[in-house]
Amino acid sequence: MPVWKRLLLTAYYYGFHPHRWWRNRRLAAEGRLPLVVLIYHRIADDAANVWTTHPRVFARDIDWLQRRFRLISLEEVQQRIRQGYNDEPCVSITFDDGYAINCEVALPLLIQRRIPLTYFVSTAPILEGAYFEHDLRMGNRFRPNTLAEIRQLADQGVEIGAHTRTHPDLGRVHDLRQLRDEIVTATEDLQDAVGVPIRYFAFPIGQHANLNAQAFHLARQWGFEAACSAYGGFNEPGGDAFHLQRAGVDGPAILTKNWATLDPRKKYQIRRFDYGEAPEPAPEPVGVAAGE
Ligand SMILES: [Zn+2]
C-alpha cells in the first residue's frame, strides 16, 4: 500500500473512531453486530508482494485483535449468523493459499495462543509441490506447504479448508467438468491425503468477478458448510450463513483495524454477490429393470 494511502486511511480511521464506537455499541445492544472474517496470505519479512505481511506487524495485529475481540471459528461465525443475534465484537481469522513460510512465525503464534484458524489450501501445490502461477508470473518461487505440514496443522486443531486444485479464476470457468474437478474432486483428493473432513471452501481471488453461481451450487451440493468470498463485506446476524464474506488485511496494520471495527463506508459500498437460490440436488436417475 502506498504511504499516502496508508496515511489517509489512518486519518480516516482515527477521525471517525468515536462515530464507529457509538455505532458499534448500539448495534451490539440490539444484537445486530456483524461478524468479521479476515484473510491473510503470507507472513514473511521480505515485503515480496502486496499479500505479504511482516511478522512483527502480524504479531501486533493479533495482540490488538485479542485485546478487543472474541476470536472465533468459522463454525461459530455461522452459529451466530443463524441465531440472528450477536452482541459481541467477533473476528474469525483465515489464511488462503498455503505458503510454507507461514509455519515459521504466524501459525505457531496462533496455535500457541489457541486462536481458532481456518487454513485454505490449493490441492496441487500441497500434493505436487507446484508453485502458484500468480507467483511465477511475478518471478517468485515461494515454497508451498507440504502435506506433512498440513497434516500436522490439522492435528493441532487448525481447520483445513479447500481452495481449488490449481487456483483458477472461477468467474471464468463455465465448463462443468472443470468446475467439478476444481471444487469437488480436488477437495476429495485433499481430504483423502490429509485424513480429516474438509468443511469449508474459499474462492480463489474472491472478488465479485471471480465468483460463480454454479460454483456456489456445486459447493453446497457436495456438502461444504460454507463458501467464502474475499471482496470485503461483513456477515450480518440473520443473513446468509453459507456465503461467508471476508476482508483481506495483508500488509499494514491499519487495514486490520479498519476492517475489524466495521468501516461504515463498506456497509453501503459493498454489493453482495447474488448466487440465486441453490437448486435442489438432482434426483438420482431411477434405474429401469432389465427386460421391461
Ligand atoms: Zn488464493
Side-chain angles (χ1 to χ4, degrees), residues 1 37-44 46 48-53 58 74 92-103 106-107 110 117-147 149-150 153-154 158-173 178-179 181-187 189-191 193-194 198-212 215-216 218-219 224-233 243-251 255-256 259 273:
M1 180 184 280
V37 184
L38 301 179
I39 319 164
Y40 292 94
H41 286 84
R42 188 172 174 272
I43 311 300
D46 55 11
N49 55 32
V50 292
W51 56 89
T52 295
T53 303
F58 180 75
L74 287 185
S92 185
I93 295 174
T94 68
F95 270 70
D96 278 11
D97 294 357
Y99 290 110
I101 201 161
N102 294 332
C103 289
L107 300 176
L110 295 174
L117 163 69
T118 307
Y119 199 72
F120 289 100
V121 297
S122 299
T123 305
I126 300 301
L127 297 189
E128 297 155 28
Y131 296 114
F132 284 100
E133 289 247 353
H134 53 258
D135 290 329
L136 291 175
R137 277 199 297 275
M138 294 172 74
N140 292 321
R141 294 163 75 84
F142 297 138
R143 193 168 75 75
N145 286 115
T146 61
L147 178 58
E149 286 166 346
I150 297 301
L153 290 174
V158 173
E159 174 97 41
I160 305 299
H163 198 43
T164 70
R165 186 184 300 283
T166 63
H167 205 276
D169 171 359
L170 289 183
R172 291 163 175 265
V173 178
Q178 193 186 346
L179 273 182
D181 182 62
E182 292 283 357
I183 298 167
V184 173
T185 317
T187 302
D189 292 349
L190 183 68
Q191 197 165 249
V194 182
I198 305 283
R199 306 188 301 157
Y200 295 95
F201 176 76
F203 279 89
I205 322 164
Q207 302 299 302
H208 269 269
N210 318 116
L211 306 185
N212 175 330
F216 269 103
L218 264 181
F224 279 109
E225 295 288 334
C228 302
S229 60
Y231 57 74
H243 172 194
L244 296 180
Q245 302 183 85
R246 304 181 300 161
V249 291
D250 299 309
L255 273 178
T256 307
W259 278 108
F273 180 80

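In listed order, ligands and their atoms are each counted from 1.
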Q. Which heavy-atom pair separates Ala154 from Val194 by the least distance, and what is that distance?
A. CB-CG1, 4.1 Å

Q: Give, rounded to 10 degrees, the angle between OD1 (Asp97) and NE2 (His167) as seen from the Zn ion (ligand 1).
A: 100°

Q. Minimum heavy-atom separation for Arg42 to Phe142, with atom names?
A. NH2-CE2, 3.1 Å

Q. Is Asp96 close enough that one of its N/O/S atoms sits under 2.8 Å from the Zn ion (ligand 1)?
A. no

(Q) Looking only at N, O or S atoms, which one in His163 sits nearest to the Zn ion (ligand 1)? (A) NE2

Q: Check side chain to side chain donor-acceptor pair (under 3.5 Å) between Ser229 and all other residues, then give those that pass, not counting sequence neighbours.
A: His243

**Q.** Minimum-distance pair of heavy atoms, taken over all atoms of Ala186 and Thr164
**A.** CB-C, 4.0 Å

